[in-house]
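Written below as structure tokens is the structure these notes are about.
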Amino acid sequence: MRNVLLVLSCAACVVLALSASGHAQPAVPQPPDGAAAYEATPRPTDGENMVLTVRKLREGFDPPRPLLIWAIGSSFTNGLGNGDRLKALIAERFPDAPEIVYRKQAGSSTSYHFCRGWAQHLVIPDQPDVVLIYNFGNPDDLEQLIVELRRGTTADIIVGTLHWVQPQKGVWPDPDAPTTHQDFAAMREMSKKYGVEFVENRRELTEYMLKNNLVVDDLLGDSVHQTRFAADCTVQNIARHFHAAARGNDKPEQRERRVGAASDAVKLDGAWSPAAGGATRQTNNGRVSLQFTGNRIDLIGRRRPDGGKARVLIDGIPAGELPVFHAGYVQPAKENALQPPMAPRDRSPHRVDLGPAKDLVPQEWTITMTSDEGNYELTGSVTGADGRGNAFQPFTSVSGQILIDPAFWRAAKTNRTGDRFTFEVYRSTVGEVDFAGPESEHFRIRLAQALSNATHTLELIAAGDGPIEIVAFDVFEPPLK
């Protein structure tokens, strides 16, 4: 079935497309006068580092869940939109794909360096399937960002080269000429080194512009930001990499793999019996154990009204007591002093680090500015007052739980007395699983993440208060230790 075009009458002609699957697509902006429409169909090599994502798009998830894409960066990232166009293009190529969720955190001139904070506090805890990086900065900072993502997640990573901007007219039309925004040769080699999907967006836009006699200003809405049409071209260039390549560069099972309850790797002690769908059921005080290698493990089980509970141990320690933590997003208070045009998220610590795990106590922390010169005090909801510091100096709290590197505190000189920032430190493990609930096919629960990327032993011990049904375990092993 061909696509159907509906033309809506309005001041500016807007085109709404219905894909072959019947899903409404976002309006597609029109090219500059005299220029051809832009098309970015997949090529045989596109998607060589997206094998895991393609598998998920084709096979979906059991139990069902969305495929999660996280984008972090600057106004360049923001200019790509809210993800609707990208999701529609992916759905065109994978009509049976699961729901796709696109999450984004973008700031004004937020470079690769500052994005490392958002990666640590937002992206890695969320464990996405894909991370999109369309941004600017030093190649060393980009490499550190990629390394952190590769150590903390099993996500496929997409890195794109940027569009042309007015200050770069002096090197037009050489798409490989280094600029203050990016070093393209270094990015290309880095992508090969870490198995990152590299989008030659700048080169592809240049080819289109030369073919259609366009100049840099034709695709800019101001001195540095793309027009809606140019941004759509970039989104198409990214979307073409969600594609089954002729040859994939990795094996998905090396990063994510399912271990069924009936697998020889799963050891059962006690009176276990077969259950529907390959599950195994325990009604007494049985124990199940699995040795796995990775930093995260999920349980897939089945709930029932009379379901019982099971305790979770990892490496012999109750999981609810494991010293494994995340620090959440550093949230600026709404009441903070305004410093237009910078938003509160751009005038704050983009990142805090945690001290030795043995010292950490789950709680909410507050940073309160005590002067206009960067002085502040740190207070924990459990620990209480935990030291005073200055935004321009390295800080370690009195208890040793919180470390703040001034290199990640952005625009501290604009903070004013009384400004506040809050973040939560929370345990990233689950101590108990409750199998009681409405009859379900399957449910998923993340038992642990942020473990050391090594070999661990998981144990589930039935409490004997009702049956528990275990279907499988999903193991996640990031490519970097």
Side-chain angles (χ1 to χ4, degrees), residues 52 55-67 96-99 127 129 154 251-322 428-449 451 454-477:
L52 183 54
R55 186 181 75 176
K56 294 172 180 178
L57 290 170
R58 284 176 166 172
E59 299 177 7
F61 303 97
D62 177 25
R65 69 163 177 85
L67 182 133
D96 297 323
E99 176 191 359
Q127 294 288 283
D129 301 291
T154 54
K251 297 179 180 179
E253 63 276 6
Q254 292 178 344
R255 282 185 280 160
E256 299 184 13
R257 50 191 173 273
R258 174 157 292 191
V259 182
S263 167
D264 292 340
V266 176
K267 308 302 181 185
L268 302 174
D269 293 322
W272 293 85
S273 60
T280 186
R281 179 184 300 165
Q282 166 63 234
T283 57
N284 297 310
N285 294 319
R287 179 190 301 256
V288 58
S289 62
L290 169 66
Q291 190 176 82
F292 69 95
T293 300
N295 76 336
R296 169 185 163 191
I297 187 164
D298 293 2
L299 163 72
I300 291 79
R302 183 178 290 112
R303 287 195 172 94
R304 44 189 292 159
D306 61 343
K309 297 181 177 64
R311 292 189 295 121
V312 183
L313 283 74
I314 295 179
D315 299 331
I317 302 171
E321 301 173 11
L322 273 176
S428 55
T429 54
V430 171
E432 183 179 73
V433 180
D434 191 347
F435 289 80
E439 196 80 34
S440 66
E441 285 299 316
H442 293 158
F443 73 91
R444 174 190 297 275
I445 184 168
R446 192 175 300 174
L447 299 178
Q449 73 173 79
L451 301 170
T455 300
H456 302 279
T457 299
L458 168 72
E459 296 174 271
L460 290 178
I461 303 174
D465 56 349
I468 66 172
E469 291 191 14
I470 297 171
V471 178
F473 299 95
D474 281 351
V475 176
F476 299 78
E477 184 180 355

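- To the nearest 0.5 Å, atoms CG (L52) and CG (L57) are separated by 10.0 Å.
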Query raised in the report: Which is it for K267 and D269 under the salt bridge (charged side-chain N to carboxylate O under 4.0 Å, His left out) test, yes or no, and what are the steps along the way?
Result: CA-CA 7 Å; K267 308 302 181 185; D269 293 322; over 6 Å; no
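- The two residues R303 and A436 have their closest heavy-atom pair at CD-O, 3.5 Å.
- Among all heavy-atom pairs drawn from A319 and T429, the shortest one is O-OG1, 2.5 Å.
- Within a 6.0 Å radius of CD in E441, no more than 12 heavy atoms belonging to other residues, nucleotides or ligands are found.
- With D315 contributing its side chain and I317 its backbone, the two residues share no donor-acceptor pair below 3.5 Å.
- Sorted by first and then second residue, the side-chain hydrogen bond (donor to acceptor under 3.5 Å, both in side chains) pairs involving residues 252-264 (not counting sequence neighbours) are K56-E256, T154-E256, D156-R255, D250-R255, R257-E477, R258-D474.
- Without hydrogens or angle criteria, Q449 side chain to I297 main chain gives no donor-acceptor distance under 3.5 Å.
- Here the straight-line distance linking atom CG of N295 with atom NE2 of H456 works out to 7.5 Å at 0.5 Å rounding.
- To the nearest 0.5 Å, atom CD1 of residue I470 and atom CG of residue L460 are 5.0 Å apart.
- A pairwise comparison of heavy atoms in D465 and G308 identifies OD1-CA, 3.2 Å as the closest pair.
- How far CD1 of I300 is from CZ of R444: 4.5 Å, rounded to the nearest 0.5 Å.
- Nearest heavy atoms, G260 versus V266: O-CG2, 3.4 Å.
- Using a 4.5 Å heavy-atom threshold, the side chains of L458 and V312 count as touching.
- Residues F435 and L299 are in side-chain contact: their nearest non-hydrogen atoms beyond the backbone lie under 4.5 Å apart.
- For Q282 against A271, the heavy-atom pair with the smallest separation is NE2-O, 3.2 Å.
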Please list, one pair per line, the donor and acceptor atoms closer than 3.5 Å that link side chains of residues 285-292 to other protein atoms, with sequence neighbours excluded.
from, atom 1, to, atom 2, distance (Å)
R287, NH1, E459, OE2, 2.6

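- Atom CG in L447 sits 10.0 Å away from atom CZ in R296 (nearest 0.5 Å).
- For R65, the side chain to side chain donor-acceptor pair (under 3.5 Å) test picks out D129, with sequence neighbours left out.
- Contact annotation: the side chain of L313 approaches that of I461 to within less than 4.5 Å [non-hydrogen atoms, C-beta and beyond].
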